[in-house]
Amino acid sequence: MPFNFAQIFQDDLITSMVRKTAYGLATTCVLGAAAYAGYCVAAPEKHQLRHYRHPELNDQIEKVLDSLKITDDQLEQIMHLLEEEMNAGLSPLTHHQAIVKMFPTYVRNIPNGTEIGQVLALDLGGTNFRVLLIDLRGNSRIELTSKIFLIPQSVMIGDGKRLFRHLAECLHEFMQKERILNTGVCYPIGFTFSFPCQQEGLASARLTAWTKGFDCSGVVNEDVVKLLQDAIDEKRINAKCVALINDTVGTLMACAYKDPSTAIGLILGTGTNACYIENLDKVGTWKGDYNEPKQVIINMEWGAFGDNGRLNLIRTKYDEEVDLSSMNPGKQIFEKMISGMYMGEIVRLIILDLLQQELLFLGHRDTYGDYKTPLYNRGGFYTKFVSTVEIDEGIQFSNTRRVLEDIGIRNPTYDDCAIVRHICRQVSKRAAKLAAAGLAVLINRIGRSNITVGVDGSLYRYHPRFKHNMERCMETLINKSIQFKLTLSDDGSGKGAAMVACLADDSLCKKSVVHNETTRD
Ligand code: BGC
């Protein structure tokens, strides 16, 4: 083909023009995005575009959501109330009637990373049950294998014996798969049982109440370690439960394994609770010895804060409704305002309220009547939706739209999405503030200059702003001389239980590794 200069010139010219236009567009986009980002950072509240374009509707919506707002004065008041309840729980004179139970856990030593042993851990606290085989190798090295089993709803609310038999069957299956059944070694078990228990020792714990949707008969007031061990022995499994811990304790332990300034364990998941290291001289209910270290981890069971009405100053009609329709009305009031089991439901009730007041989903009258959609059904708005919605930052609302379609709102408008995101933000921010106030009480009370909080739980892990919202609030409530840090704890419920089991009977763990031919009874 002959050279055609005119064509080449033309092509070059076109290419260069296209390129220039593309560069121009790209630059505009980058500058635009940068300007928008700058604007968002500079004016975080304003950019949320959360309002209807009708000012009078905005005002009415704000009025509804005002009930969720907690002022700084109220937060201080809540902190003061919590500290009073804590002292009541720790005193032998008032412990019996106390709402925040402050159970001594009998865990007094914090791991230092040198522990060695092969231990089984069981973790029960939600709809899943986990079995783990953990190898503590010293030098802060841990190896583990695990398997998750489902706890069917019928077992969660059935006969207690059946629950523990089910746990033993899962353990049997796991040990068989790992080829550690009938080996002649009796494996120590650390049992993470994430419900309120009055402990009389590491391996003795009476359940005081079920929470989080469990309600098995014949377990309250019974020794949970014994119930588990009976089921294990019935199946002739070569394992012995040497320690029971709460998930908050596991979280603290697993975090302390890596960071010695850890003094608090916090769970923000299906339920919520915290534990911390307390000096024995402040624990009037302590029945153990006073040897060194003169400290013990206290399982606060702070979820019950407010069960005597002391949080009524901040409770809304939505909180009351969530509580009334729960399996344990009047119980776990603080937990019901914070944790993952209830957060989605609070949002759903607010959405329904706004809808009934004709402030939301205008123009969706045709779908109002479909009572089969999740929007109208208890539990229909999952807590994970709150996180999904809040991941939406700008004005596209791609996540929010998907969530709204999932709950039965077809073709939601921009306004619908903006309002629903605003509701989610208010509900999760309130929860973060309440958890922050609780932590602030603990951090100020412990008073060390440097404190790490080990945190775990799905709400904390997956919500895009929870940590940030908590930290912002904590900064205003914690004494300025104290440095604090929130650290995500890595599988505390599993590893923490193994560490406690190992510390509980150090020789036992070593025996199972070193002389793995010996049988224990
Ligand atoms: C239980 C606590 C537990 C918390 C987090 C609460 O419902 O009472 O024992 O630590 O949930 O799992």
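Atoms within a ligand are numbered from 1 in the order they appear, just like the ligands themselves.
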Determine whether more than 12 heavy atoms belonging to other residues, nucleotides or ligands lie under 6.0 Å from atom CZ of Phe484. yes
Indicate whether any N or O donor in one side chain lies under 3.5 Å from an N or O acceptor in the other, for Ser261 and Asp259. yes
Hey, are Ser326 and Lys336 close enough side-chain-wise for a donor-acceptor pair under 3.5 Å? yes
Report all protein residues having a heavy-atom distance below 4.0 Å to some atom of ligand 1; order the list by chain, then number. Ser194, Phe195, Pro196, Thr211, Lys212, Asn246, Asp247, Ile267, Gly271, Thr272, Asn273, Glu301, Gln332, Glu335
Atom CG in Leu132, atom OG in Ser146: separation rounded to 0.5 Å? 4.5 Å
Could you name each residue pair satisfying ring-ring contact (aromatic ring centres under 6.0 Å, His included) that touches residues 205-233, not counting sequence neighbours? Phe193-Trp210, Phe195-Trp210, Phe195-Phe214, Trp210-Phe214
I'd like to know whether Glu390 forms a side chain to side chain donor-acceptor pair (under 3.5 Å) with Ser428, so could you lay out the CA-CA distance, the side-chain angles of the two residues, the decisive distance to 0.1 Å, and finally the verdict. CA-CA 9 Å; Glu390 287 194 58; Ser428 69; 2.7 Å; yes
